[in-house]
Amino acid sequence: MLRELGLETCADTVTGGQLLKGISGGERKRTSVGIELVTQPTIVCLDEPTSGLDSFSALQLVQVLRKVAAAGASVLFTIHQPQSDIFDLFDSLIIMNKGEIMYQGSAEGVTDHFEARGYALPRKYNPADYIMTVTQTVPVTDLRKAGFLKVSDQNMQESASSE
């Protein structure tokens, strides 16, 4: 686990804290993920595990999580705007916008999903960056019209009763 997470050089270093300097913030984050993984869990849920890490450390961490998934564990984590090589490691995605699911399915199929709704991925563009751009700049009403967001049953009942 130390080797996989790139922590061999600090293996004998005190973790540290408020009063005692120890390992760096990135090393601390990878250590906390490693602690979760050494028990060989069947489900791993992480909130922003790459936040605060440099691009190399973030990639290294996601590669470890992919190995954990390949070994049979379910690995779920939130991530905002991953670099392209990290995005390419994903199997499945759930993309949410303002609490609603915009896409749920294979990572491979997300660009086709966006293209089918009129939002084709530009050439040489990171899919994660483009998805974030669409979710942040296109009004929810337009996303709903394009078929990204489903009208809830409650909204349908309200509109039917007002007719």
Non-neighbouring partners of Asp112 that pass side chain to side chain donor-acceptor pair (under 3.5 Å), sequence neighbours left out = none

All pairs passing salt bridge (Lys or Arg N to Asp or Glu O under 4.0 Å) where [range] contributes a residue, at least two apart:
| range | value |
| --- | --- |
| residues 62-81 | Glu4-Lys67, Arg66-Asp91 |
| residues 37-46 | none |
| residues 124-143 | none |
| residues 49-61 | none |

Side-chain donor/acceptor of [X] to backbone N/O of [Y], under 3.5 Å:
| X | Y | answer |
| --- | --- | --- |
| Thr135 | Met132 | yes |
| Thr137 | Thr133 | yes |
| Thr78 | Glu48 | yes |
| Asn126 | Asp85 | no |

If I compare all heavy atoms of [X] with all of [Y], which pair ends up nearest, and what's the gap?
| X | Y | result |
| --- | --- | --- |
| Leu59 | Ile86 | N-CD1, 3.7 Å |
| Ala11 | Leu2 | CB-CD1, 3.7 Å |
| Pro49 | Leu65 | CG-CD1, 4.4 Å |
| Arg3 | Gln60 | O-NE2, 4.2 Å |
| Gly109 | Tyr103 | C-OH, 3.4 Å |
| Phe87 | Ala128 | CD1-CB, 3.9 Å |

task = Would you check, one step at a time, whether the test side chain to side chain contact (heavy atoms under 4.5 Å, CB included) holds for Asp88 with Phe90?
result = CA-CA 6 Å; Asp88 290 341; Phe90 298 155; over 6 Å; no

For the atom pair [atom1] ([X]) and [atom2] ([Y]), what is the distance rounded to the nearest 0.5 Å?
| X | Y | atom1 | atom2 | answer |
| --- | --- | --- | --- | --- |
| Ile79 | Asp47 | CD1 | CG | 11.0 Å |
| Gln83 | Thr50 | CD | OG1 | 8.5 Å |
| Glu100 | Leu149 | CD | CG | 5.0 Å |
| Ile131 | Leu93 | CD1 | CG | 6.5 Å |

ask   = Apart from Met96 itself, what residues make up its hydrophobic cluster, given side-chain heavy atom links below 4.5 Å?
value = Ile94, Ile101

ask   = Between Leu76 and Leu46, is a side chain to side chain contact (heavy atoms under 4.5 Å, CB included) present by the stated rule, with each step listed?
value = CA-CA 6 Å; Leu76 305 132; Leu46 301 167; over 6 Å; no

task = Start with the C-alpha distance between His113 and Met102, add both sets of side-chain angles, then the distance that settles side chain to side chain contact (heavy atoms under 4.5 Å, CB included), and finish with yes or no.
result = CA-CA 10 Å; His113 182 77; Met102 246 179 97; over 6 Å; no

inquiry  = Would you say the ring centers of Phe114 and Phe148 fall short of 6.0 Å from each other?
reply    = yes

task = Could you label the plane-to-plane angle of the Tyr130 and Tyr125 rings as parallel, tilted or perpendicular, counting under 30° as parallel and over 60° as perpendicular?
result = perpendicular

query = Quick one: are Glu115 and Leu121 in side-chain contact, heavy atoms under 4.5 Å?
reply = no

query = Should we say atom CD of Gln81 is surrounded by more than 12 heavy atoms from elsewhere, each under 6.0 Å from it?
reply = yes

